[in-house]
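Note that the structure is a prediction, hence the values are computed from the model and not measured.
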Amino acid sequence: LVACSPTSDQQQVYDDVIIVEQAFMAAFKHADSTELAKLYSVDAQLLPANRDFVSGRHEIKLFWQGLMQLGVTTIKLETLEVEASEGRASEVGRYTIHTAEDNMIDYGKYLVVWHQQEGQWLIHRHIWTTSMIKAHESRI
């Protein structure tokens, strides 16, 4: 869904974001952390849970490469909303993470802040959080 009643500009940004998200999922499926890192702005940051900021393309590449080495082979993204204005955009969506055996090991929601640079939309800030209930939380 595009937020509110989409203008043609809003629809174009939504379409552009979807293209980059598809490239993200493809790069992950091919275990190509170098291509994955190219989808981020030069000064991008990941904001993963239980960890400090992951800053810059090189560190982002290493982060995703580490996740791949742990056996994660697929990340599926579902874009729910995109809002854009003057070279900036925000995206809200859902994700699932899968192993090579297609076992889902995590699901949750994410927020991406996008920057347009030289006509291309790049991920600038990326934060996600699980929606899975941990065993100790389910007893509360």
Side-chain angles (χ1 to χ4, degrees):
L1 300 174
V2 178
C4 304
S5 56
T7 64
S8 61
D9 289 344
Q10 290 285 327
Q11 185 63 49
Q12 184 60 55
V13 173
Y14 178 88
D15 294 344
D16 291 346
V17 164
I18 294 296
I19 289 168
V20 177
E21 294 291 9
Q22 289 171 343
F24 181 98
M25 291 184 282
F28 208 94
K29 189 162 192 76
H30 294 105
D32 191 340
S33 59
T34 300
E35 282 303 309
L36 204 55
K38 289 178 183 176
L39 301 175
Y40 289 84
S41 66
V42 173
D43 55 346
Q45 290 182 315
L46 302 180
L47 292 82
N50 304 313
R51 193 168 165 176
D52 203 359
F53 291 91
V54 177
S55 300
R57 285 182 174 160
H58 179 71
E59 292 300 316
I60 289 170
K61 173 189 169 189
L62 295 177
F63 176 88
W64 290 122
Q65 186 175 5
L67 201 57
M68 292 169 189
Q69 290 170 346
L70 290 174
V72 173
T73 59
T74 306
I75 295 180
K76 296 178 183 176
L77 304 172
E78 176 190 5
T79 301
L80 301 175
E81 175 184 293
V82 173
E83 294 185 34
S85 178
E86 300 177 17
R88 304 276 192 262
S90 63
E91 173 195 11
V92 175
R94 291 188 186 110
Y95 72 86
T96 58
I97 298 176
H98 303 260
T99 65
E101 298 78 29
D102 203 31
N103 294 325
M104 185 182 65
I105 57 173
D106 190 20
Y107 69 94
K109 58 272 182 202
Y110 65 88
L111 173 68
V112 174
V113 174
W114 295 84
H115 282 189
Q116 190 176 36
Q117 298 174 346
E118 298 176 16
Q120 180 181 4
W121 286 99
L122 297 170
I123 301 167
H124 187 64
R125 298 290 183 264
H126 191 177
I127 187 167
W128 60 94
T129 184
T130 187
S131 292
M132 292 183 77
I133 298 174
K134 296 178 185 171
H136 71 277
E137 292 174 346
S138 64
R139 294 184 296 248
I140 298 175

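- Placement of I19 and Y14 in two distinct hydrophobic clusters is found when ILVMFWY residues are connected by side-chain heavy-atom separations under 4.5 Å, directly or transitively.
- In this structure, CG on L62 lies 12.5 Å from CG on L67, to the nearest 0.5 angstrom.
- Between W114 and V82 the shortest side-chain heavy-atom distance does not fall below 4.5 Å.
- Annotation: the span from R94 atom CZ to Y110 atom OH amounts to 10.0 Å, rounded to 0.5 Å.
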Run the side chain to side chain contact (heavy atoms under 4.5 Å, CB included) test on F53 and L46 for me, step by step, so that the C-alpha distance in whole Å, both residues' side-chain angles and the decisive distance to 0.1 Å come before the verdict. CA-CA 6 Å; F53 291 91; L46 302 180; over 6 Å; no
Please step through side chain to side chain contact (heavy atoms under 4.5 Å, CB included) for the pair V92 and K109, ending with a clear verdict. CA-CA 7 Å; V92 175; K109 58 272 182 202; 5.9 Å; no
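- Evaluated for a side chain to side chain contact (heavy atoms under 4.5 Å, CB included) with F28, the options L36, I97, T73 yield exactly one hit, L36.
- You'll find the side chain of F24 reaches within 4.5 Å of the side chain of H126, heavy atoms only.
- Heavy atoms of other residues, nucleotides or ligands lying less than 6.0 angstrom from CZ of R57 number more than 12.
- In terms of modelled atom types and a separation under 3.5 Å, the side chain of Q10 and the main chain of A84 share a donor-acceptor contact.
- Interatomic distance, CG of L70 versus CE of M68, reported as 11.5 Å (0.5 Å rounding).
- Listed by first then second residue, pairs satisfying side-chain hydrogen bond (donor to acceptor under 3.5 Å, both in side chains) with a partner in residues 16-31 read Q12-D16, not counting sequence neighbours.
- Rounded to the nearest 0.5 angstrom, D32 CG and K38 NZ are separated by 7.5 Å.
- In this structure, L80 is not a member of the same hydrophobic cluster as L111, with clusters built from ILVMFWY side-chain heavy atoms closer than 4.5 Å.
- A single hydrophobic cluster is seen to contain both I18 and V20, as judged by linkage of ILVMFWY side chains at heavy-atom distances under 4.5 Å, directly or through other members.
- With side-chain heavy atoms closer than 4.5 Å counting as contact, directly or through intermediates, L122 stands alone and belongs to no larger hydrophobic cluster.
- W121 is not listed as a side-chain neighbour of L39, based on a closest heavy-atom distance of 4.5 Å or more.
- Taking all atoms of both residues into account, the shortest heavy-atom contact from L47 to R125 is CD1-CD, 4.3 Å.
- In the hydrophobic cluster analysis, where Ile, Leu, Val, Met, Phe, Trp and Tyr join through side-chain heavy atoms closer than 4.5 angstrom, L77 is grouped together with F63.
- Taking the side chain as every heavy atom from C-beta outward, V72 and W64 never approach each other to under 4.5 Å.
- For the atom pair CD1 (I105) and OG1 (T74), the distance works out to 10.0 Å, reported to the nearest 0.5 Å.
- Counting heavy atoms from C-beta outward, R88 and H115 have side chains that approach closer than 4.5 Å.
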Decide yes or no on side chain to side chain contact (heavy atoms under 4.5 Å, CB included) for Y40 and K61, but give the supporting numbers first. CA-CA 10 Å; Y40 289 84; K61 173 189 169 189; over 6 Å; no
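- Expressed to the nearest 0.5 Å, how far CD of E91 lies from OG1 of T79 amounts to 4.0 Å.
- At a threshold of 4.5 Å between side-chain heavy atoms, the hydrophobic network of Ile, Leu, Val, Met, Phe, Trp and Tyr places V113 and V17 in two separate groups.
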